[in-house]
Novice: 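Take a look at the following structure, please.
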Amino acid sequence: VLVVIIVTSLKSKKENNLSIIKSAWNDYNENRPTEAFSKVKNLGDDYPEAASLLALMYYLGQVCDTDMEKALHYAKIGKKVDVDSQVLYRTILYHNSSSEKDKQLALQELIFAMTRGSNLARLRLGEIAVLENYASEDTVEKLKIAGENGYNYSYYLLARIYLEGIGSIPKNEEKGL
(Lines give C-alpha, C1' and ligand atoms only; values in the text may rest on other atoms or scores of the structure.)
Protein backbone atom coordinates (compact mmCIF):
# COMPACT_ATOMS: atom_id res chain seq x y z
CA VAL A 1 0.00 0.00 0.00
CA LEU A 2 2.84 2.38 0.87
CA VAL A 3 4.51 1.73 -2.50
CA VAL A 4 1.24 2.53 -4.31
CA ILE A 5 0.88 5.79 -2.36
CA ILE A 6 4.48 6.83 -3.14
CA VAL A 7 4.18 5.97 -6.85
CA THR A 8 0.84 7.80 -7.09
CA SER A 9 2.33 10.82 -5.33
CA LEU A 10 5.34 10.91 -7.66
CA LYS A 11 3.13 10.54 -10.73
CA SER A 12 0.90 13.36 -9.50
CA LYS A 13 3.92 15.61 -8.87
CA LYS A 14 5.28 14.91 -12.36
CA GLU A 15 1.91 15.68 -13.98
CA ASN A 16 1.68 18.89 -11.97
CA ASN A 17 5.18 19.97 -13.02
CA LEU A 18 4.44 19.21 -16.68
CA SER A 19 1.32 21.35 -16.38
CA ILE A 20 3.41 24.18 -14.89
CA ILE A 21 5.92 23.87 -17.74
CA LYS A 22 3.15 23.99 -20.34
CA SER A 23 1.79 27.10 -18.63
CA ALA A 24 5.29 28.63 -18.67
CA TRP A 25 5.62 28.04 -22.41
CA ASN A 26 2.22 29.70 -22.90
CA ASP A 27 3.41 32.66 -20.83
CA TYR A 28 6.57 32.89 -22.91
CA ASN A 29 4.69 32.71 -26.20
CA GLU A 30 2.29 35.42 -24.98
CA ASN A 31 5.22 37.74 -24.20
CA ARG A 32 5.29 37.20 -20.43
CA PRO A 33 8.88 35.98 -20.03
CA THR A 34 9.17 36.97 -16.36
CA GLU A 35 6.28 34.70 -15.40
CA ALA A 36 7.63 31.92 -17.62
CA PHE A 37 11.10 32.08 -16.11
CA SER A 38 9.83 32.04 -12.53
CA LYS A 39 7.78 28.92 -13.24
CA VAL A 40 10.59 26.84 -14.75
CA LYS A 41 13.77 28.13 -13.10
CA ASN A 42 13.89 25.20 -10.65
CA LEU A 43 12.67 22.50 -13.05
CA GLY A 44 15.28 22.64 -15.82
CA ASP A 45 17.58 19.91 -14.57
CA ASP A 46 14.74 17.40 -14.23
CA TYR A 47 12.45 18.20 -17.16
CA PRO A 48 13.74 18.61 -20.74
CA GLU A 49 10.69 20.72 -21.62
CA ALA A 50 11.64 23.25 -18.92
CA ALA A 51 15.31 23.03 -19.84
CA SER A 52 14.50 24.02 -23.44
CA LEU A 53 12.79 27.18 -22.27
CA LEU A 54 15.60 28.04 -19.86
CA ALA A 55 18.19 27.46 -22.58
CA LEU A 56 16.41 29.87 -24.88
CA MET A 57 16.07 32.51 -22.18
CA TYR A 58 19.72 32.28 -21.09
CA TYR A 59 20.82 32.32 -24.73
CA LEU A 60 18.81 35.47 -25.47
CA GLY A 61 19.29 37.09 -22.06
CA GLN A 62 15.56 37.37 -21.41
CA VAL A 63 14.68 38.14 -17.78
CA CYS A 64 18.16 36.93 -16.88
CA ASP A 65 21.67 37.79 -17.94
CA THR A 66 22.92 36.15 -21.11
CA ASP A 67 24.83 33.11 -19.92
CA MET A 68 26.13 30.78 -22.61
CA GLU A 69 27.34 28.20 -20.09
CA LYS A 70 23.85 27.88 -18.60
CA ALA A 71 22.25 28.08 -22.04
CA LEU A 72 24.41 25.21 -23.26
CA HIS A 73 23.78 23.20 -20.07
CA TYR A 74 20.01 23.49 -20.40
CA ALA A 75 20.04 23.08 -24.19
CA LYS A 76 21.89 19.79 -23.77
CA ILE A 77 19.13 18.56 -21.46
CA GLY A 78 16.35 20.03 -23.61
CA LYS A 79 17.58 18.61 -26.91
CA LYS A 80 15.92 15.32 -25.94
CA VAL A 81 12.51 16.91 -26.42
CA ASP A 82 12.26 18.03 -30.03
CA VAL A 83 14.08 19.12 -33.16
CA ASP A 84 13.93 22.85 -32.37
CA SER A 85 15.59 22.24 -29.01
CA GLN A 86 18.33 20.33 -30.83
CA VAL A 87 18.69 23.31 -33.19
CA LEU A 88 19.16 25.67 -30.25
CA TYR A 89 21.82 23.37 -28.77
CA ARG A 90 23.72 23.21 -32.07
CA THR A 91 23.41 26.98 -32.59
CA ILE A 92 24.91 27.66 -29.17
CA LEU A 93 27.69 25.17 -29.89
CA TYR A 94 28.43 26.80 -33.23
CA HIS A 95 28.60 30.35 -31.88
CA ASN A 96 30.61 29.45 -28.79
CA SER A 97 33.13 26.94 -30.04
CA SER A 98 36.65 27.78 -31.06
CA SER A 99 37.06 24.35 -32.64
CA GLU A 100 36.48 24.19 -36.39
CA LYS A 101 35.58 20.50 -36.00
CA ASP A 102 32.83 21.35 -33.49
CA LYS A 103 31.51 24.09 -35.78
CA GLN A 104 31.37 21.71 -38.74
CA LEU A 105 29.55 19.10 -36.65
CA ALA A 106 27.07 21.73 -35.50
CA LEU A 107 26.47 22.79 -39.12
CA GLN A 108 25.93 19.19 -40.23
CA GLU A 109 23.42 18.64 -37.45
CA LEU A 110 21.61 21.90 -38.28
CA ILE A 111 21.36 20.74 -41.90
CA PHE A 112 19.99 17.40 -40.70
CA ALA A 113 17.39 19.19 -38.55
CA MET A 114 16.40 21.28 -41.56
CA THR A 115 15.86 18.11 -43.61
CA ARG A 116 13.53 16.95 -40.84
CA GLY A 117 11.42 20.06 -41.41
CA SER A 118 12.79 22.49 -38.83
CA ASN A 119 12.24 26.06 -39.97
CA LEU A 120 14.26 27.21 -36.98
CA ALA A 121 17.20 25.29 -38.48
CA ARG A 122 16.64 27.13 -41.77
CA LEU A 123 16.72 30.41 -39.88
CA ARG A 124 19.89 29.55 -37.96
CA LEU A 125 21.69 28.29 -41.07
CA GLY A 126 20.75 31.52 -42.83
CA GLU A 127 21.91 33.55 -39.86
CA ILE A 128 25.28 31.78 -39.86
CA ALA A 129 25.66 32.39 -43.61
CA VAL A 130 25.01 36.11 -43.07
CA LEU A 131 27.36 36.40 -40.09
CA GLU A 132 30.09 34.43 -41.85
CA ASN A 133 29.60 36.39 -45.10
CA TYR A 134 28.84 33.45 -47.40
CA ALA A 135 25.17 33.99 -48.25
CA SER A 136 23.94 32.44 -51.51
CA GLU A 137 20.66 31.88 -53.35
CA ASP A 138 20.22 28.81 -51.15
CA THR A 139 20.52 31.03 -48.07
CA VAL A 140 17.87 33.36 -49.47
CA GLU A 141 15.49 30.43 -50.06
CA LYS A 142 16.03 29.05 -46.54
CA LEU A 143 15.31 32.45 -45.01
CA LYS A 144 12.22 32.99 -47.15
CA ILE A 145 10.79 29.64 -46.05
CA ALA A 146 11.58 30.34 -42.40
CA GLY A 147 9.96 33.77 -42.68
CA GLU A 148 6.83 32.33 -44.29
CA ASN A 149 6.61 29.99 -41.30
CA GLY A 150 6.64 32.69 -38.65
CA TYR A 151 10.33 33.42 -38.09
CA ASN A 152 10.24 37.17 -38.77
CA TYR A 153 13.93 37.59 -37.95
CA SER A 154 14.47 35.94 -41.34
CA TYR A 155 13.25 39.09 -43.06
CA TYR A 156 15.80 41.19 -41.21
CA LEU A 157 18.53 38.82 -42.37
CA LEU A 158 17.24 38.96 -45.95
CA ALA A 159 17.26 42.75 -45.82
CA ARG A 160 20.88 42.71 -44.65
CA ILE A 161 21.86 40.32 -47.43
CA TYR A 162 20.42 42.61 -50.10
CA LEU A 163 21.37 45.94 -48.55
CA GLU A 164 24.98 44.88 -47.91
CA GLY A 165 25.51 42.47 -50.79
CA ILE A 166 26.58 39.55 -48.61
CA GLY A 167 28.31 36.50 -50.08
CA SER A 168 27.37 35.85 -53.70
CA ILE A 169 24.23 38.00 -53.50
CA PRO A 170 24.74 41.41 -55.12
CA LYS A 171 23.51 44.58 -53.44
CA ASN A 172 19.92 45.35 -54.27
CA GLU A 173 18.53 48.25 -52.26
CA GLU A 174 15.03 47.80 -53.66
CA LYS A 175 14.82 44.16 -52.51
CA GLY A 176 16.54 45.02 -49.23
CA LEU A 177 13.99 47.69 -48.39
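These values consider heavy atoms only, across backbone and side chains, with no hydrogens, waters or symmetry-generated copies.
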Novice: Specify the closest pair of heavy atoms between Gly44 and Ala51, including all atoms of both residues, with the distance to one decimal.
Specialist: O-CB, 3.3 Å

Novice: Any heavy-atom pair between the side chains of Ile161 and Val130 that's under 4.5 Å?
Specialist: yes

Novice: So how far is it from Ile169 CD1 to Ile166 CD1, rounded to the nearest 0.5 Å?
Specialist: 10.0 Å

Novice: Check whether any side-chain heavy atom of Asn17 sits under 4.5 Å from a side-chain heavy atom of Ile20, and report yes or no.
Specialist: yes

Novice: Would the distance check show the side chain of Trp25 and the main-chain N or O of Glu49 forming a donor-acceptor pair, the cut-off being under 3.5 Å?
Specialist: yes

Novice: For residues His95 and Leu131, determine if any side-chain heavy atom of one lies less than 4.5 Å from a side-chain heavy atom of the other.
Specialist: yes

Novice: According to ring-ring contact (aromatic ring centres under 6.0 Å, His included), who are the partners of Tyr134, at least two apart in sequence or on a separate chain?
Specialist: none

Novice: Write down the atom of Leu157, the atom of Gly126, and the distance for their closest heavy-atom approach.
Specialist: CD1-C, 4.5 Å

Novice: Who are the side chain to side chain contact (heavy atoms under 4.5 Å, CB included) partners of Asn172, not counting sequence neighbours?
Specialist: Tyr162, Glu174, Lys175

Novice: Using the side chain to side chain donor-acceptor pair (under 3.5 Å) rule, take Lys39 and Ser23 through it: C-alpha gap first, then chi angles, then the decisive distance, then the call.
Specialist: CA-CA 8 Å; Lys39 288 178 181 177; Ser23 171; 2.6 Å; yes

Novice: Between Leu60 and Leu72, is there a shared hydrophobic cluster once you connect ILVMFWY residues whose side-chain heavy atoms come closer than 4.5 Å?
Specialist: yes

Novice: Can you tell me how far apart CG (Asn149) and NZ (Lys144) are? Round to the nearest 0.5 Å.
Specialist: 14.5 Å

Novice: Between CD of Glu141 and CG of Leu158, what distance do you get to the nearest 0.5 Å?
Specialist: 9.5 Å

Novice: Give the cluster check for Leu107 versus Val140: same hydrophobic cluster or not, with ILVMFWY residues linked at side-chain heavy-atom distances below 4.5 Å.
Specialist: yes

Novice: Testing Asn119, Ile92, Leu123, Leu120 for side chain to side chain contact (heavy atoms under 4.5 Å, CB included) with Val87, which one passes?
Specialist: Leu120

Novice: First locate atom CG of Asn26, then atom CD1 of Ile21, and finally report the distance between them rounded to the nearest 0.5 Å.
Specialist: 12.5 Å

Novice: Is it the case that the side chain of Tyr155 and the backbone of Gly147 share a donor-acceptor pair, with hydrogens and angles ignored and the cut-off at 3.5 Å?
Specialist: yes

Novice: Taking atom OH of Tyr153 as the centre, does the number of heavy atoms from other residues, nucleotides or ligands within less than 6.0 Å exceed 12?
Specialist: yes

Novice: Is Leu110 linked to Leu105 within one hydrophobic cluster, defined over Ile, Leu, Val, Met, Phe, Trp and Tyr using a side-chain heavy-atom separation of less than 4.5 Å?
Specialist: no

Novice: Hey, are Glu127 and Tyr94 close enough side-chain-wise for a donor-acceptor pair under 3.5 Å?
Specialist: no

Novice: Could you check whether any side-chain heavy atom of Lys76 comes within less than 4.5 Å of a side-chain heavy atom of Tyr89, counting everything from C-beta outward?
Specialist: yes

Novice: Would you mind reporting whether Arg124 and Lys142 have side-chain heavy atoms less than 4.5 Å apart?
Specialist: no

Novice: For a 4.5 angstrom cut-off between non-hydrogen side-chain atoms, does Ser168 reach Glu137?
Specialist: no

Novice: Which atoms form the tightest heavy-atom contact between Val81 and Ser85, and what is the distance?
Specialist: CB-OG, 4.4 Å

Novice: Quick one: pull up OG in Ser154 and CD in Glu148 and give me the separation to the nearest 0.5 Å.
Specialist: 9.5 Å

Novice: Which is it for Arg116 and Gln86 under the side chain to side chain contact (heavy atoms under 4.5 Å, CB included) test, yes or no, and what are the steps along the way?
Specialist: CA-CA 12 Å; Arg116 292 179 57 201; Gln86 293 169 11; 3.7 Å; yes

Novice: Please lay out, stage by stage, how Leu143 and Arg122 fare under the test side chain to side chain contact (heavy atoms under 4.5 Å, CB included).
Specialist: CA-CA 6 Å; Leu143 290 171; Arg122 282 185 179 85; over 6 Å; no

Novice: Test Ile77 against Leu54 for side chain to side chain contact (heavy atoms under 4.5 Å, CB included), laying out the working first.
Specialist: CA-CA 10 Å; Ile77 295 168; Leu54 287 170; over 6 Å; no

Novice: Please say whether more than 12 non-hydrogen atoms of neighbouring residues, nucleotides or ligands are located less than 6.0 Å from CG in Asn29.
Specialist: yes

Novice: Indicate yes or no: at least one non-hydrogen side-chain atom of Leu93 is less than 4.5 angstrom from one of Asp102.
Specialist: no

Novice: On the 0 to 90° scale, with breaks at 30° and 60°, tag the Tyr58-Tyr74 ring pair as parallel, tilted or perpendicular.
Specialist: parallel

Novice: For the residue pair Arg32 and Tyr28, establish whether any side-chain heavy-atom pair is separated by less than 4.5 Å.
Specialist: no

Novice: Under 4.5 Å between side-chain heavy atoms, counting indirect links through other Ile/Leu/Val/Met/Phe/Trp/Tyr residues: same cluster for Ile145 and Tyr151 or not?
Specialist: no

Novice: Would you name the heavy atoms of Ser97 and Ser99 that are closest together and state the gap between them?
Specialist: OG-N, 3.1 Å

Novice: Just wondering, more than 12 heavy atoms not from Lys103 lying within 6.0 Å of its NZ?
Specialist: yes

Novice: Find the distance between CD (Glu173) and CG (Leu163) and round it off to the nearest 0.5 Å.
Specialist: 6.5 Å

Novice: Given the rule that I, L, V, M, F, W and Y join up when any side-chain heavy atoms are under 4.5 Å apart, are Leu88 and Ile128 in one cluster?
Specialist: no

Novice: Without swapping roles, check the side chain of Ser52 against the backbone of Pro48 for a donor-acceptor pair under 3.5 Å.
Specialist: yes

Novice: Can you sort out the partners of Tyr59 under side chain to side chain donor-acceptor pair (under 3.5 Å), two or more places apart, ordered by chain and number?
Specialist: none

Novice: Side chains of Gln108 and Gln104: donor-acceptor distance under 3.5 Å anywhere?
Specialist: no

Novice: Between Ala55 and Ala71, what is the shortest heavy-atom contact and its length?
Specialist: CB-O, 3.5 Å

